[in-house]
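Notes for the one structure printed next.
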Protein chains: 2
Amino acid sequence: MIHNGPMAEEGTLTSGTHTDVREPIGEEHPICRLRDVLDRVGDKWSVLIMDLLGSGPQRYSELHRSIDGISQRMLTLTLRSLERDGLVDRTVTPTSPPRVDYALTPVGATLSDQVAALIRWADDHREYVARSRGRYDTARDGTP
Amino acid sequence: MIHNGPMAEEGTLTSGTHTDVREPIGEEHPICRLRDVLDRVGDKWSVLIMDLLGSGPQRYSELHRSIDGISQRMLTLTLRSLERDGLVDRTVTPTSPPRVDYALTPVGATLSDQVAALIRWADDHREYVARSRGRYDTARDGTP
DNA sequence: CAGTATCCTTGGTGATACTG
DNA sequence: CAGTATCACCAAGGATACTG
């Protein structure tokens, strides 16, 4: 049985104590530990940012301009949680106007590599997926 | 500039014509093509299912029992889109009661491998992330 | 068993405005 | 420049009930 729900609330991870309120679930599948990364990789913006930072540090405004359609709110929020997870470093240069640079941490870089692999997969199988969808949909539309 | 919005609606992929209504954006970053996979990997259930199927075909009811907390609705929906993308095969044995087996397609297996790599990453860096969060949070709570 | 149909909630997201 | 704060929305997802 894979437990998928929020098995570890912020407090559980934060507190330092790993007191599991629920039954032990780690033995059967490592998936339950995956949630964090998945949520990281899953949301729209994290991956974009991880990729962008993969080619070097970027300023807040550079990221904002580079990522079409992201709001300041989401950019900040995403960067914050990336920083919180130890995946990106935030460097403030208290000039005026202030300057803030974001860069991958060493660990963040390794995740960035995984993301890159995923991107490559997506690229390699882009057409396959498109054709699969085409076939699936026409099969449903064609013979109703 | 990375375009992230829904650049290709279902219809665009489905129709077979790749008439891009928007400006050409593929040159700058391959990210825009990634959305499909990301959405696949990103949502709660697809990854769980891909992993489960990685160890062999499973019946609907097996998946349902194996994945704690998933509703029939979401299980069906997720399996359908996985099938639509050509990542899993659905085999109906029209006995009574009916029996339906799900298995990874060859291509689905390769994505499953990527997912497995991600899982490994998550496992390897689980503690690191937890401690990063701990430090980040106590830094905020400790000095308010 | 393996779904489909329906209703309803919630939180992730965008838009907007303000600030050190 | 690099954020923070607030509001408002709506689609993803859960709960429940029904069916071939």
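Reminder, nothing fancy here: chain letters follow the sequence lines and each chain counts from 1.
Residues satisfying the side chain to side chain donor-acceptor pair (under 3.5 Å) test with A:Ser81, not counting sequence neighbours, are A:Arg40. Applying the side chain to side chain donor-acceptor pair (under 3.5 Å) test to B:Ser71 and every residue at least two apart in sequence or in another chain returns nothing. For B:Tyr136, there are no side chain to side chain donor-acceptor pair (under 3.5 Å) partners at least two apart in sequence or on another chain. Residues satisfying the salt bridge (Lys or Arg N to Asp or Glu O under 4.0 Å) test with B:Arg59, not counting sequence neighbours, are none. The side chain to side chain donor-acceptor pair (under 3.5 Å) search around B:Thr76 returns B:Tyr60, not counting sequence neighbours.
Annotation: ring pair (Phe, Tyr, Trp, His ring centres under 6.0 Å) contacts involving residues 87-121 of chain B, sequence neighbours excluded, comprise B:Trp121-B:His125. The salt bridge (charged side-chain N to carboxylate O under 4.0 Å, His left out) pairs that include a residue from residues 87-110 of chain A are A:Arg99-A:Asp101, where partners are two or more places apart or lie in different chains.
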Counting primed atoms, P, OP1 and OP2 as sugar-phosphate and everything else as base, the B/S/- map of nucleotides 1-14 of chain C against protein heavy atoms under 4.0 Å is BBBB-B------BB

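For the strand DNA chain C, secondary-structure stems (runs of at least three Watson-Crick or G-U pairs, all distances below 3.5 Å) span C:1-20 with D:1-20.
Side-chain contact between B:Leu82 and B:Thr78: present, with at least one pair of heavy atoms (C-beta onward) separated by less than 4.5 Å.
In this structure, the CG atom of B:Leu75 is 14 Å from the C1' atom of D:dG13, given to the nearest Å.
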